[in-house]
Amino acid sequence: MSIAIIVEGKNDKSRLRRLLTEDIIIVCTFGSLNTDRLEELKKRIGTCDVYLFTDNDPSGKKIRAILRDTFPDAEQIYTRRGYAGVEGTPDEYLIQQLEKAGLEEFIIYPPIIPTFEKF
């Protein structure tokens, strides 16, 4: 099973790339979507299972609506309102959302740094 996540921009892509294995394809809309760009996305994604992960702002919601029409079977992943988009979302919350979407086998979990307490 191949998986593709569609995000808005290259910063979103690089943010997610740090947290996901190379098995996951991450593609960018680079902002506005026209017919040519949508066709290019469809070709690039092919038969992959699609996940939409756009910002929770008016622009991101507009892009998500267009992508939802183009990829009606796509799973939706959301970032919390108040975060500066996908790129400004803390890793912990991104991981939580990726787990909620069922992608835990593809997540690269950050190493746990032990804390030392004084006794």
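Nothing here was measured: the structure is a model prediction, and the numbers come from that model.
Contacts of Lys61 classified as side-chain contact (heavy atoms from CB on, under 4.5 Å), with partners at least two apart in sequence or in another chain: Asn56, Arg81. Every residue two or more places apart in sequence or in another chain that forms a side-chain contact (heavy atoms from CB on, under 4.5 Å) with Glu104 is listed here: Glu99, Ile107, Tyr109. Looking at residues two or more places apart in sequence or on another chain, you find a side chain to side chain donor-acceptor pair (under 3.5 Å) between Thr21 and Asp23. Considering only residues two or more places apart in sequence or on other chains, Lys42 meets the salt bridge (charged side-chain N to carboxylate O under 4.0 Å, His left out) condition with Glu39. Applying the salt bridge (charged side-chain N to carboxylate O under 4.0 Å, His left out) rule to Arg37 yields the partners Glu40; only residues at least two apart in sequence or on another chain are considered. Contacts of Cys28 classified as side-chain contact (heavy atoms from CB on, under 4.5 Å), with partners at least two apart in sequence or in another chain: Val7, Lys13, Phe30. Residues meeting the side-chain contact (heavy atoms from CB on, under 4.5 Å) test with Asp36, sequence neighbours left out: Asn34. With sequence neighbours excluded, the residues satisfying salt bridge (charged side-chain N to carboxylate O under 4.0 Å, His left out) with Arg15 are Asp91.
To the nearest 0.5 Å, the span separating OG1 on Thr89 from CD1 on Ile95 amounts to 12.0 Å. Atom CG of residue Leu20 and atom CD1 of residue Ile5 lie 5.0 Å apart, to the nearest 0.5 angstrom. If you take CG on Leu19 and CG on Leu94, they are separated by 6.0 Å, rounding to the nearest 0.5 Å. With rounding to the nearest 0.5 Å, the separation of CG in Leu103 from CZ in Phe53 is 10.0 Å. For the atom pair Gln96 CD and Thr79 OG1, the distance stands at 10.5 Å (nearest 0.5 Å). The line from OG1 of Thr54 to CD of Gln76 is 7.5 Å long, rounded to the nearest 0.5 Å.
By the 4.5 Å side-chain criterion applied to Ile, Leu, Val, Met, Phe, Trp and Tyr, Tyr83 is assigned to a cluster that also includes Tyr93. Using a 4.5 Å cut-off between side-chain heavy atoms of Ile, Leu, Val, Met, Phe, Trp and Tyr, Phe71 falls into a hydrophobic cluster with Ile6, Ile25, Val27, Leu33, Leu38, Leu41, Ile45, Val50, Leu52, Ile63, Ile66, Leu67.
With a 4.5 Å cut-off on side-chain heavy atoms, Asp49 and Glu75 do not count as touching. With a 4.5 Å cut-off on side-chain heavy atoms, Glu87 and Glu8 do not count as touching.
The main-chain N or O of Cys48 is never found under 3.5 Å from a side-chain atom of Ser2 such that the two would form a donor-acceptor pair. Side-chain atoms of Asp55 come within 3.5 Å of backbone atoms of Val86 as a donor-acceptor pair (strictly under, hydrogens ignored).
Using a 3.5 Å distance cut-off with no hydrogens or angles, the side chains of Gln97 and Arg80 do not pair a donor with an acceptor.
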